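Chain A is the first sequence line, chain B the second, and so forth, proteins listed ahead of strands; every chain is numbered from 1. Worth saying up front: this structure is predicted, and the values here are computed from it rather than measured.
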There are 2 protein chains.
Amino acid sequence: MKDADRAKRIKNGRGTAGSRAAARRATEEAILKAAETVFAEAGFGGATMQLIADMAGLPKANLHYYFETKEALYRRVVERIFNIWLQAADVFDEAAGPAEGIGAYIDAKMEISRRHPNGSKVWASEVMHGAPVIQDYLETTLRAWTEGRAKVIRRWIAEGKMTDVDPHHLLYMLWATTQHYADFGHQIETLNGGKPLTDAQWEAAKASVKGIVLRGIGVA
Amino acid sequence: MKDADRAKRIKNGRGTAGSRAAARRATEEAILKAAETVFAEAGFGGATMQLIADMAGLPKANLHYYFETKEALYRRVVERIFNIWLQAADVFDEAAGPAEGIGAYIDAKMEISRRHPNGSKVWASEVMHGAPVIQDYLETTLRAWTEGRAKVIRRWIAEGKMTDVDPHHLLYMLWATTQHYADFGHQIETLNGGKPLTDAQWEAAKASVKGIVLRGIGVA
DNA sequence: TCTTTTTCTGACCGTATGGTCAGGTTGGGT
DNA sequence: ACCCAACCTGACCATACGGTCAGAAAAAGA
C-alpha cells in the first residue's frame, strides 16, 4: 500500500519524478515487490492475483494492465533474484586466490539471503518444481557461469592454492549453505527462540560458514 | 496405478496379505506415495486431489474416504520425511567422536536425499512457506533434537576432538548441504548435462561434502 | 480548449477446485 | 444363507480462481 501510494504521488507529479515513465516504473516495482512476497509465502500455485493486488494496493484488473498473466509476473520475479546472484559473483572473478574469492562470495551471498529472502525462496521453489519457467536459464546462463567458475577453481588447485576438491560440489555447498539462511529462515528463527537473527548473529553465521568452508579447502 | 493394483490384489485375497487391515495399509501407502510426488512437483497450492487420485489409480472421492482433507493428507506426507530424518540421526549419538558421528550423519542424510527426494522437497516447501502445518514440530521435537545434538558437539569441542565452531551453524550447514542434493536435484541434474547423478557421482558428492566439512572442523 | 493516448477499474465469465453424499458393492462374521 | 459394517464411486455443489472488457478518469499534446 505504501508503495502504491508512493507510485501515485509520483504519478500525480508531487513526487521526485513526475514523468509518466517514472510512474510506470514505480507501479511495476510495487507490484513486483508484492508479488515476490506473495509467491514466496504461498508458492506459485497458492499465490493469487487478488492477494498480490491487495498487497500492492491496486485493483486486480490493474495488475493485468502491467503484467499480461500471472506467469509473466512470476517470471519477472524469478529473473530478478537470478540477476542479483549473477552480479554478486563478480567478487569471485576479481579475486587473486580462493581465500579472498570464495570468502567474498560467501559474504556476498549471505548478504543477499539477508536482504532478499523472498527472492531466494521463489527461486528455490521454482527449481524444486522442476524449473518449468526458467529451465532455459539453467541450461544457458547458469551452466556457462558454473563452468567458468569451475575453471577458476581448478586453476587455483593446479597452482597449489587450495585443496583438491571437486569444483562443482564445492559450488553446490556454497549455494546450499548461503541460501539456506534465506530459504529455511523460518526454521532458523524458530530454533533461535522465535526471534530473527540479530546483526551479531548474522556476522557469526557468516564467520562460521566461511571458517568451515575455507578450512575445508585448506586456505585457513 | 501399479500401487493401487497391488492394493486391490491384496484386498481380493490374492496377494501376500488377505486381511482387511493390510489392504487398508496398502491403499494408504499408495495414496501417500502419490501425494508425496504431486506435492513435491506442484507444491501444496498447485497440487490437486484429482492429480493425486489419478496417480494412485483411485477415484477422487475415495481419497476422501482415507484422508479427510487435502491438508490432513499433506500433513501425513510431511510427518513422514521428518521421522525418516529423525531416525537417521541415531548414528550421530552412537558415535565416539565427530569424525565418525558427523561423517555417518552426512552419509545417512545424503542417502535419504537420494532415496526420498520428494519428501525432502515437500518439507522444504513447507518450511519456506512459514511451516503453517508443522510449526508445532519445529518448536517441540526439532528444537529438542537440535539442542541435544548441539550439546554433543560442544562436548566434543571441550574434549578437544574438533575445532571450536558454533554447533547450530554447523548443523545448518549439514542440513543445507545434504538436502540441497534432493531439493535442488533438478538444477544439479541440468548442470550434469541433463543426466541424473550416477552411483559413482553420488559417492563423489558424499566424499566431497564429508571432506570439506570434516577438514573444516579439524577432524581430517 | 479540444482531442488523443494512456491509465485505471467494477463487473463479469468460464473453468477447475476441494469437498459432499446417496446409493451401490464387497467380504468377513455368525 | 444372511447380515452388517466397511469400502467404493459417479454425480453433484459452492466457491474461488485467472483473465476479460467496456468504459470512466486522467494526463499529454494540439
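A salt bridge is defined here as a Lys NZ or Arg NE, NH1 or NH2 lying under 4.0 Å from an Asp or Glu carboxylate O, and B/R75 with B/E79 meets this definition. Contact check on B/R114 versus B/D199 returns a salt bridge, with a Lys/Arg side-chain nitrogen under 4.0 Å from an Asp/Glu carboxylate oxygen. Between B/R143 and B/E147 there is no salt bridge, since no side-chain nitrogen of the basic residue lies less than 4.0 Å from a carboxylate oxygen of the acidic one. Using a 4.0 Å cut-off between charged side-chain N and carboxylate O, A/K33 and A/E29 make no salt bridge.
Proximity note for A/N62 (side chain, C-beta onward) versus C/dT7, D/dC7, C/dC8: the nearest is C/dC8. Minimum atom distance to the side chain of B/P59 is reached by D/dG10, of the listed D/dG10, D/dC7, C/dT7.
Near DNA chain D, defined here as any heavy-atom distance below 4.0 Å, there are no residues from residues 121-136 of chain A.
Between B/R24 atom CZ and D/dC7 atom C1' there is a gap of 8 Å when expressed in whole angstrom units. The CD-P distance, from B/E28 to D/dA6, rounds to 15 Å in whole Å.
The side chain of A/Y66 places no N or O atom within less than 4.0 Å of a non-bridging phosphate oxygen (OP1 or OP2) of C/dT7. Distances shorter than 4.0 Å separate none of the side-chain N or O atoms of A/Y65 from OP1 or OP2 on C/dC8.
In the helix from C/dT1-D/dA30 to C/dT30-D/dA1, the terminal helix axes, each the rotation mapping four pairs' C1' atoms onto the next four within five end pairs, subtend 10°, rounded to 10°.
Atom CE of residue B/M110 and atom NZ of residue B/K210 lie 9.5 Å apart, to the nearest 0.5 angstrom. To the nearest 0.5 angstrom, B/Q179 atom CD is 7.0 Å from A/H180 atom NE2.
Taking the six-membered ring where tryptophan is involved, the planes of B/F44 and B/F39 are essentially parallel, since the angle between them stays under 30° and well short of 60°. Aromatic ring pairs are classed by plane angle as parallel below 30°, tilted from 30° to 60° and perpendicular above 60°; the pair A/W123 and A/W85 is perpendicular. Ring geometry for B/Y172 against A/Y181 counts as perpendicular: the plane angle is over 60°, on a 0 to 90° scale with 30° as the lower cut.
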Assign a letter to each nucleotide of nucleotides 14-19 of chain C from its 5' end: B, base within under 4.0 Å of a protein heavy atom; S, sugar-phosphate only; -, no contact. ---SBB

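Looking at heavy-atom distances under 4.0 Å, A/F67 makes no contact with the nucleic acid at all.
Residues A/R149 and A/D93 meet the side-chain proximity criterion, which asks for heavy atoms closer than 4.5 Å.
With no hydrogens or angles considered, a side-chain donor-acceptor pair links B/D183 and B/S120 at under 3.5 Å.
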